[in-house]
Amino acid sequence: MEFSVESSFPFNFKTVVTSHGWCQVKPFHWREEEETLEYILELSNRRVIRLEMEGDQNGFKVKTGNLSRLERIETEQKLHWMFGTDIDLSLFYKAIKGTSQLAHAKKKSMGRVLRSPTLFEDVVRTILTTNTLWSATIRMTNKLVEQFGESLPQDPELQAFPTPSRLAQTNEDNLRSETRLGYRAPYILELARRIDSNDLDLESLKTSDLPIQELRNELLKINGIGPYAAANLLMILGRSDYLPIDSWALKVVSHEWFNGEPIKPSQVQEVFDKWGEWKGLVFWCWDWKLFHENDDKK
DNA sequence: GGTAGACCTGGACGC
DNA sequence: GCGTCCAGGTCTACC
């Protein structure tokens, strides 16, 4: 079957999909040439389906197998969340008006970040981005999906992202030796087990109206989530008050404002403070000089 | 509040 | 092929 998902405007399908690296990692698959995104989704009734999405005039269209009425409602709800279709970007565009390094943001409808259907998936993915190279993040996440994800009946080579209850049943040794998560293994296992035993209601944070500092504190309580990871997750939750300062951020900010001299996180903070509640998005959308210089060298 | 060291893996490099 | 070094955030202990 085929159906459309409508979004608030402005909206650009490809811009959301490529907003960060999630589209390169299972169970996402981005087919660049066709500008088509695939995702393997496990529904609450445990049925696993394959979604194929491409942009259209009002948002994007979705191809999948036949769904019952309830399955379709659930799928649509998840897709609206993943693409942030209810997000109003007008105040962000107003805040950045007149800044040349951000002029492209409105033209490309930037400001939405591709989300996973569950916050659990986004937290696990984020933990797997910390203290490692991007290639290792891809390897660890793909392995986690292959090893623990429920298979698509029509193509068992494809799996959905593992649910907390499936991960809760494994053990730390397996996550270390087979999935190669290293010291992150106990963090992922503890998170899965807390959710599975109803000790933690992570998904409620998606709709929480907690003040930003309290929301951040809730994320920081999760083992494996520090300031950088919390800032990234807040961006995913649509709150851009904090900066995800990692080694890459120190590099590009130093190059942009400090002549490439070594800088501290507090200096990155000072540069972006004037953007207030938008600083995370401003950082995300900034047109870094370093990229253009690298382009020139190609 | 700030800092140092450990955590773990895979890739790059030298021999 | 083997050993060593390095990059990457977070946690814990300590000052």
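For the numbers below, each heavy atom of this structure counts, side chains included, while hydrogens, waters and symmetry mates do not. Here the structure is a predicted model, which means the values were calculated and not measured. Proteins come first, then strands; the chains are lettered A, B, ... in the order of their sequence lines, and each starts at number 1.
The base of C/dG9 sits with one of its N or O atoms less than 3.5 Å from a complementary donor or acceptor on the side chain of A/Tyr183.
In this structure, the NZ atom of A/Lys264 is 13 Å from the C1' atom of B/dG1, given to the nearest Å. The nearest whole Å value for the distance from the CG atom in A/Leu128 to the P atom in C/dG8 is 18 Å. Protein atom CG of A/Leu181 is 12 Å distant from nucleotide atom P of B/dC8, rounded to whole Å. The distance between atom CD1 of A/Ile188 and atom C1' of B/dC8, rounded to the nearest whole Å, is 14 Å. Per the geometry, CG belonging to A/Asn223 stands 13 Å off C1' belonging to B/dC7, to the nearest Å. Atoms CD1 (A/Ile222) and P (C/dC11) sit 10 Å apart, rounded to a whole Å. In this structure, OH of A/Tyr228 is placed 17 Å from P of C/dA7, rounded to the nearest angstrom. Rounded to whole Å, the distance from CG on A/Leu191 to P on C/dT10 is 15 Å.
Using a 4.0 Å heavy-atom criterion, one finds that A/Ala185 contacts no nucleic acid atom at all. Among the atoms of the strands shown, only primed sugar atoms or phosphate atoms (P, OP1, OP2) are found under 4.0 Å from some heavy atom of A/Ile225.
Mapping A/Arg139 and A/Asn131 onto DNA chain B by nearest heavy atom places A/Asn131 at the nucleotide closer to the 5' end.
Checking C/dC11, B/dC8, C/dG8 against the side-chain heavy atoms of A/Ser247 singles out C/dG8 as nearest. Of the listed nucleotides (C/dG9, C/dG8, C/dT10), C/dG8 has the atom at the smallest distance from the side chain of A/Leu133. Candidate nucleotides B/dC8, C/dG9, C/dG8 were compared by shortest atom distance to the side chain of A/Thr132, and C/dG8 ranks first. Set against C/dT10, C/dG8, B/dG10, the side chain of A/Pro227 has C/dT10 as its closest nucleotide. Comparing atom distances between the A/Thr130 side chain and each of B/dC8, B/dG10, C/dG9 picks out C/dG9 as nearest.
Between A/Arg180 and B/dG10, a side-chain N or O to OP1/OP2 separation shorter than 4.0 Å is present. Within the 4.0 Å cut-off from OP1 or OP2 of C/dT10, not a single side-chain nitrogen or oxygen of A/Arg184 is found.
Aromatic ring pairs are classed by plane angle as parallel below 30°, tilted from 30° to 60° and perpendicular above 60°; the pair A/Phe272 and A/Trp257 is perpendicular. Below 30°, between 30° and 60°, or above 60°: for A/Tyr183 and A/Tyr187 the angle between ring planes is above 60°, a perpendicular geometry.
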Next on the checklist: Go through it in stages, so that I can follow the logic: the residues are A/Trp278 and A/Phe92, the test is ring-ring contact (aromatic ring centres under 6.0 Å, His included), and I'd like the CA-CA distance, side-chain angles, deciding distance and then a yes or no.
Outcome noted: CA-CA 7 Å; A/Trp278 302 112; A/Phe92 171 56; 5.6 Å; yes
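Stacking of A/Arg115 on the aromatic ring of A/Phe83 is not recorded, the 6.0 Å distance cut-off and the 45° axial limit not both being met.
No donor-acceptor distance shorter than 3.5 angstrom exists from the side chain of A/Ser208 to the backbone of A/Leu205, with no hydrogens or angles considered.
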